[in-house]
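Taking it in order: structure first as structure tokens, then the write-up.
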Amino acid sequence: MITLGIEGTAHTIGIGIINEGEILTDVKATYQPKAGIHPREAAQFLGENMRNSLDLALEEAGLGFKDIDLISFSQGPGLGPCLRTVATGARALSLHHKIPIIGVNHCVAHIEIGRFLCGFKDPLTLYVSGGNTQILKLKDNRYRIFGETLDIGIGNMLDKFGRETGLKHPAGPKIEDLAKKGKDFVELPYVVKGTDLSFSGILTNATEKFRTGKNSLEDLCFSLQETSFSMLTEVTERALAHLKMKEVLLTGGVANNKRLQEMMGLMAEEHGAKFGVPLGYCGDNGVMIALLGQLMHKAGIRQSLDDTAVNPRFRTDEVEVRW
Ligand code: AMP
Ligand code: MG
């Protein structure tokens, strides 16, 4: 079975094609905002880049639409205009080429690509991206949210700090580089509430400290990472100790960060748990959408066109995991 997955929840249009467990292609085009992500501009970017990304993906895989058995797309959560643009494109392709269509939850896709690439059965997952920060565990056929951010996602916090300090979007990788040159730790608000987290106070405080000019940007990036990643690791550790799980998965765009990988890896090791990151597929991509579409289809899930309406607030625990 060959599945074509289309990702388009925010900044990236991604086309992935898989044949069962084999990844045939992974094409991406990413919108570069001048300031923060502007939903309408992002949607326009996705629309303008969908056709060429599709052509490139099919060419790389050496396939035509006649070879595609299933089209899956990101149904939510995400920015409304982006979701609608991509869903409209996916429906048009499905109708025109008479290929079944399935809308999938973007967050569940981040987990499933991690499970697949790390060979995990039942991991405790820390999912860290621009808009989302969640600690999840599968229970009674749903990925239950054990803890999450009470305000902004960790990636959003890093990107906003970057915007205030003149770093280009996305700031996460630039903050990681600058942090390596930091020497002095600057105290910043550390906000953990049980298994939930909050990142807005640390953002305001670090930005204010930058404006006073007393601390170098390198020191602030270093301290921002150390503080916020310690919060993430603490909350995941609390869940791990409580649930006594044997696998820890780190996924989502912020999972690219080597320092976060190191902290989470050490913590998992201390608890005798395996640790994994879906390297190369942490950030938004079409392959994870194809993979989840394939899992759902094989589990017997079918959708009519009416079922493919987008849902900007689609929660991870709304999805019944039947695979
Ligand atoms: P996603 O929406 O899953 O593609 O994740 C995007 C987010 O990941 C953005 O907020 C980026 O700043 C962040 N990100 C990407 N690479 C890194 C990195 N190396 N360190 C920290 N954050 C990163
Ligand atoms: Mg994402």
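Numbering of ligands and ligand atoms starts at 1, following listing order. Both backbone and side-chain heavy atoms feed into the values below; hydrogens, waters and symmetry mates do not.
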Is the closest basic N to carboxylate O distance between Glu148 and Arg315 below 4.0 Å? yes
Applying a 4.0 Å heavy-atom criterion (strictly less than), which segment of Lys258 is in contact with ligand 1: side chain, backbone, both, or neither? neither
Can you report which non-hydrogen protein atom sits closest to atom 5 (O) of ligand 1, along with the distance? Gly253 CA, 3.2 Å
Kindly state each residue pair satisfying ring pair (Phe, Tyr, Trp, His ring centres under 6.0 Å) with at least one member in residues 232-253, sequence neighbours excluded. Phe146-His242
Spell out, yes or no, whether Leu4 and Ile289 are grouped together once hydrophobic residues are joined by side-chain heavy atoms under 4.5 Å, including indirect joins. no
For Gly130, take its heavy atoms, then give the atoms of ligand 1 lying under 4.0 Å from any of them. 2 (O), 5 (O), 6 (C), 7 (C), 10 (O)
Using a strict 4.0 Å cut-off to heavy atoms of His11, name the atoms of ligand 1 that fall inside it. 1 (P), 2 (O), 4 (O), 6 (C)
For residues 154-172, which residue pairs pass the side-chain hydrogen bond (donor to acceptor under 3.5 Å, both in side chains) check, not counting sequence neighbours? Glu164-Arg211
Between Asp151 and Ser200, does any side-chain donor sit less than 3.5 Å from a side-chain acceptor? yes
Looking at Pro170, which atoms of ligand 1 are within less than 4.0 Å of one of its heavy atoms? 11 (C), 12 (O)
Quick one: name the residues clustered hydrophobically with Phe222, using the 4.5 Å side-chain heavy-atom rule over I, L, V, M, F, W, Y, and just say none if it's on its own. Phe185
Nearest-contact summary for atom 19 (N) of ligand 1 - protein heavy atom, Å: Glu176 OE1, 2.8 Å
Under a 3.5 Å cutoff, is there a donor and acceptor pairing between the side chains of Ser74 and Thr9? no
Would you mind running through ligand 1 and noting each atom that sits below 4.0 Å from a heavy atom of His110? 3 (O)
Do you know which of Glu48, His11, Glu41, Gln44 makes side-chain hydrogen bond (donor to acceptor under 3.5 Å, both in side chains) with Tyr31? Glu41
Applying a heavy-atom cut-off of 4.0 Å, say which part of Val254 lies close to ligand 1: side chain, backbone, both or neither. both
Report, as a single number, the protein N, O or S atoms less than 2.8 Å from the Mg ion (ligand 2). 3
Within the 3.5 Å criterion, strictly below it, is a donor on Asn132 or His106 matched to an acceptor on the partner's side chain? no
Pair Gln225, Thr227: side-chain N/O donor-acceptor within cut-off below 3.5 Å: no
Any idea which protein heavy atom is nearest atom 20 (N) of ligand 1, and the distance to it? Asn257 ND2, 3.1 Å
What are the atoms of ligand 1, with element, lying closer than 4.0 Å to any heavy atom of Gly155? 10 (O)
Between Tyr143 and Gln134, is there a side-chain donor-acceptor contact under 3.5 Å, judged purely by atom types and distance? no
Selected option - heavy-atom contact closest to atom 22 (N) of ligand 1, from Gly283, Gly172, Ala10: Gly172
From CD1 (Ile68) to CG (Leu93), nearest 0.5 Å: 10.0 Å
Specify the protein heavy atom at minimum distance from atom 4 (O) of ligand 1: its residue, its atom name, and the distance to 0.1 Å. Asp284 N, 3.0 Å
Counting non-hydrogen protein atoms only, what is the nearest one to atom 10 (O) of ligand 1? Give residue, atom name and distance. Asp159 OD2, 2.7 Å
